[in-house]
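A quick write-up on the structure given underneath.
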Amino acid sequence: MTQIRVRFAPSPTGYLHVGGARTALFNWLFARQQGGRFILRIEDTDLQRSSDEMVEGILQGMEWLGLDYDEGPFYQSDYVEQHRQAARQLLESGWAYRDFTPKEERSDAAVKQQVAEAARQQGVPPAYWPFRDLPRAESDARAANGEPHVIRFKVPQEGRTSFIDSVFGQQDRECRELEDLVLLRSDGHPLYNLCVVVDDINMGITHVVRGQDHLMNTHKQILIYQALGKPVPQFAHLPLILAPSKEKLSKRKHGEIVSVTAYRDRGFIPEAFLNFLALLGWAPDSGVYRDREIFSRAELIELFSLDRIHKSNAVFNFNEGDLRNWTDQKALWMNGEYIKAMPIDELMPLVKTELERAGIWQPAFETERSDEVRQTIGLLRDRYRSLTDFATLGRPYLVDGLDFEWEESAVAKNLRKDPVLKTLLPELATRFALLEQFDHESTESALRSFAEEKGVKAGLLINGARTALTGQAVGPGMFEVLVAIGQRRTIERLNHAASLI
RNA sequence: GACCCGUUCGUCUAGCGGUCAGGACAUCGCCCUUUCACGGCGGUAACACGGGUUCGAUUCCCGUACGGGUCGCCA
């Protein structure tokens, strides 16, 4: 059996978005599982809309997700000569013809629509392709004379194209429903459908796994394969990923919130995002894993199969305006699961990057204070869903002094609620200052006996202290927090809190 | 509009003729915590509709509705 070769072929007209990433992932999983080759090809034939910046964005996205390719990146624009050569070959063999219709006459969309519709109803393209049967000699002569023309593929008027899609099953289409597509523009520029076929042939692609929006193109492409006398690869079309509005996800409409780099920048763990993406439109064999959601990269490779991709589109929820739930909540949850469960040694570097970005990383975190910081991160990660949380919500735990924000609602709820705290908190600080051991037990008994002495509920002090120490109303168990913040900072912040009341 | 495709809880999904229609996220309630967005337990919630086929349809067939995709000298 020949080796499986698949490719991911994005056009660099935008960054890598969620849909593209999933296509890349499925190709990659398939290749890895089958021991095949995964090829990256940048479809940049439309030079006007392509840019190096976008290519860079795609490359970065792939790298971040760990979707390594075995060959490439190839650039489609490097193969223009081969595309033209193929067009010439098609012209020679009679599978294509020159169309001398002036560009302007074709560009009127309304006219075009009208004619195309009439053509379909008639069943046969009438005078719409006036040059389709132009004698070769005349065609050559006019071309030699420099008359502008495009090269069109001569779609057979009879018959149909068929293929079996790995996802959608049997697909048939009457040839007469297909238009004579342009292969070469009048400026000699090759067009998409020709380019993909030529490149896929040259690169020995055995399986084409791409979005369902290409389902119609596939029929045209099959015709080109046949005209070129080449074997047709196996196709697998993926269902689309929809925006919350249920329309196709698009970079233009939905913005950077659907770009892979946004997920990186907003604190996703690549493994978690990969896991989430894999489960969008695909599920492992339920006989094995019916009630599981978390799968490692290795497990995904092992379990993946094209025939378990399903046909219906999936909605991907995001809401840029919502700070807490800016993207699909399940994705966020899953990220939290990874943050919680991954080995702390793997988490630390990721957190470090985040803290550096926020300007709160200190070299000592890796030396003298290494154990302490690891412990703090270990404490915090149980309730965080994103790496950025360590730099925002985690900030009070990591910075010295008072260099963080006190949330107004927390202050109102836990500090200002009872004015007696204004005197109690500094007194508690004094009490803590006397402790020789500053651990869970000693701080707890100190606080509780202090509360008893003063005749107040321990909860009042616990709540007050939480906000005094972290500016927040929520967090890990209070005595864990005390230990994490440490004696010195605890005293300082308790005293300072009095001024907030 | 034409041609394709799809339709199981709000969302992601399991299901491939007989299930109390399962899981996850979200949501709600309870417990734990004299704090909490941790944790534990539990609940609400779905087979789009109408016809067939069948002893029996979420599962098979046909319509309808709704949703989506494609109809470039873009990719």
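Side-chain atoms are counted along with the backbone in the values below, which use heavy atoms only and exclude waters and symmetry mates. Here the structure is a predicted model, which is why all the values come from computation and not from measurement. Lettering of chains follows the sequences in order, A, B, ..., and the numbering in each one begins at 1.
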Any N/O donor-acceptor pair, A:N217 side-chain to B:A75 base, under 3.5 Å | yes
Whom does B:C9 pair with, Watson-Crick or G-U wobble, provided both distances fall under 3.5 Å?
-> none
In terms of side-chain geometry, is the basic nitrogen of A:R292 or A:E337 positioned less than 4.0 Å from the acidic oxygen of its partner?
-> no
Atom P, compared across B:G68 and B:C61: separation rounded to whole Å = 25 Å
Assert: residue with more 5' nearest nucleotide on RNA chain B, out of A:R385 and A:H310, is A:H310
For the side chain of A:L191, starting at C-beta, report the closest nucleotide among B:A37, B:A75, B:U35.
-> B:A75
Scan A:K457 against the nucleic acid and name what it touches under 4.0 Å (heavy atoms): base, sugar-phosphate only, or nothing.
-> base
Can you run down the ring-ring contact (aromatic ring centres under 6.0 Å, His included) pairs that involve residues 444-481 of chain A, sequence neighbours left out, and say none if there aren't any?
-> A:H440-A:F479
Out of B:C25, B:C38, B:C74, whichever nucleotide has its closest atom nearest the side chain of A:R185 | B:C74
Below 4.0 angstrom, N of the basic side chain to O of the carboxylate: do A:R98 and A:E147 qualify?
-> no
For A:V150, report the nucleic acid contact type (base, sugar-phosphate, nothing); a contact means any heavy atom under 4.0 Å.
-> base
Could you tell me the separation between the CG atom of A:L393 and the C1' atom of B:C36, rounded to a whole number of Å?
-> 12 Å
Give a yes or no on whether a salt bridge exists between A:R185 and A:D187, defined as a side-chain N under 4.0 angstrom from a carboxylate O.
-> yes
On a whole-Å scale, what distance lies between the C1' atoms belonging to B:G15 and B:U8?
-> 9 Å
A:T470 versus A:R466, closest heavy-atom pair with distance | OG1-O, 2.7 Å
Protein heavy-atom contacts under 4.0 Å, written 5' to 3' over nucleotides 60-68 of chain B as B (base), S (sugar-phosphate only) or - (none), form the string --------S
Could you work out which one of B:A75, B:C36, B:A26 sits closest to the side chain of A:Q329?
-> B:A26
Looking for any heavy atom pair under 4.0 Å, which part of the strands does A:R308 touch: base, sugar-phosphate only, or nothing?
-> sugar-phosphate
Can you tell me how far C1' in B:G23 sits from the matching atom in B:A45, rounded to whole Å?
-> 14 Å
Look at the side chain of A:K330 against the base of B:C12 and say whether a donor-acceptor pair falls under 3.5 Å; ignore hydrogens and angles.
-> yes
Within a radius of less than 6.0 Å around CD of A:E81, do more than 12 heavy atoms belonging to other residues, nucleotides or ligands occur?
-> yes
Residue matched to B:C49 through Watson-Crick or wobble contacts both under 3.5 angstrom = B:G63
Within 6.0 angstrom of A:E480 CD, more than 12 heavy atoms from elsewhere | yes
Map A:Q171 and A:S286 onto RNA chain B by nearest heavy atom, then report which one ends up closer to the 5' terminus.
-> A:Q171
A:D213 side-chain proximity, nearest of B:A75, B:A37, B:G69 = B:G69
For B:A48 versus B:G6, give the span between their P atoms, rounded off to a whole number of Å.
-> 14 Å
Parallel, tilted or perpendicular: rings of A:F390 and A:Y384 (30°, 60°) | perpendicular
If you measure from the C1' atom in B:G18 to the same atom in B:U13, how many Å do you get, rounded?
-> 23 Å
Look at the side chain of A:M216 and decide which nucleotide, out of B:C25, B:U70, B:C5, has an atom nearest to it.
-> B:U70
Nearest non-hydrogen partners of A:N335 and A:R385, listed with the distance | ND2-O, 2.8 Å
Give the rounded distance in Å between these two atoms: CG of A:L380 and P of B:C38.
-> 14 Å
Quick one: do A:D200 and A:R41 make a salt bridge, cutoff under 4.0 Å?
-> yes
Expressed in whole Å, how much space separates the C1' atoms belonging to B:C66 and B:A24?
-> 27 Å
Between B:A37, B:C5, B:A75, spot the one nearest the side chain of A:S11, thanks.
-> B:A75
Side-chain donor/acceptor contact of A:R324 with base of B:A37 under 3.5 Å | yes
Answer for the Watson-Crick or wobble partner of B:G39, both distances under 3.5 Å, is B:C31
Rounded to whole angstrom, note down the C1' distance from B:A46 over to B:C4.
-> 27 Å
Take atom NE2 of A:H440 and atom P of B:U35, then tell me their distance rounded to the nearest Å.
-> 14 Å
Between B:C12, B:C73, B:A24, spot the one nearest the side chain of A:V182, thanks.
-> B:C73
Atom CG of A:L447 to atom P of B:U34: distance rounded to whole Å?
-> 11 Å
Separation of B:U33 atom P from A:M478 atom CE, nearest Å, is 18 Å
Taking all non-hydrogen atoms of both residues, which atom of A:R324 and which atom of A:L332 are closest, and how far apart?
-> O-CD2, 3.7 Å
Describe the nucleic acid contact of A:E293 in one word from base, sugar-phosphate, nothing, applying a heavy-atom distance below 4.0 Å.
-> base
Roughly how many Å is it from NZ in A:K220 to P in B:C71, rounded to a whole number?
-> 7 Å
On a plain distance test, is the side chain of A:R173 in donor-acceptor contact with the base of B:C3 below 3.5 Å?
-> no
Given that both distances must come in under 3.5 Å, which nucleotide forms a Watson-Crick or G-U wobble pair with B:A2?
-> B:U70
May I ask you to verify if any side-chain N or O of A:R448 is less than 4.0 angstrom from the OP1 or OP2 atom of B:U34?
-> yes
Give A:G211 one of three labels, base, sugar-phosphate or nothing, depending on what nucleic acid heavy atoms sit under 4.0 Å from its own.
-> nothing
Rounded to whole Å, CH2 of A:W326 lies from P of B:A37 at a distance of 23 Å
At under 4.0 Å between heavy atoms, what does A:Y192 touch on the DNA or RNA strands: base, sugar-phosphate, or nothing?
-> base
Reckon A:H214 touches a base, only the sugar-phosphate, or nothing at all at heavy-atom distances under 4.0 Å?
-> base
Could you tell me whether A:S312 contacts a base, only the sugar-phosphate backbone, or nothing, with contacts defined as non-hydrogen atoms closer than 4.0 Å?
-> sugar-phosphate
Paired nucleotide for B:C55 [Watson-Crick or G-U wobble; both distances under 3.5 Å] = B:G18
Whole Å only: how far is the CZ atom of A:F100 from the C1' atom of B:C73?
-> 15 Å
Looking at every strand, decide which applies to A:A283 at a 4.0 Å heavy-atom threshold: base, sugar-phosphate, or nothing.
-> sugar-phosphate
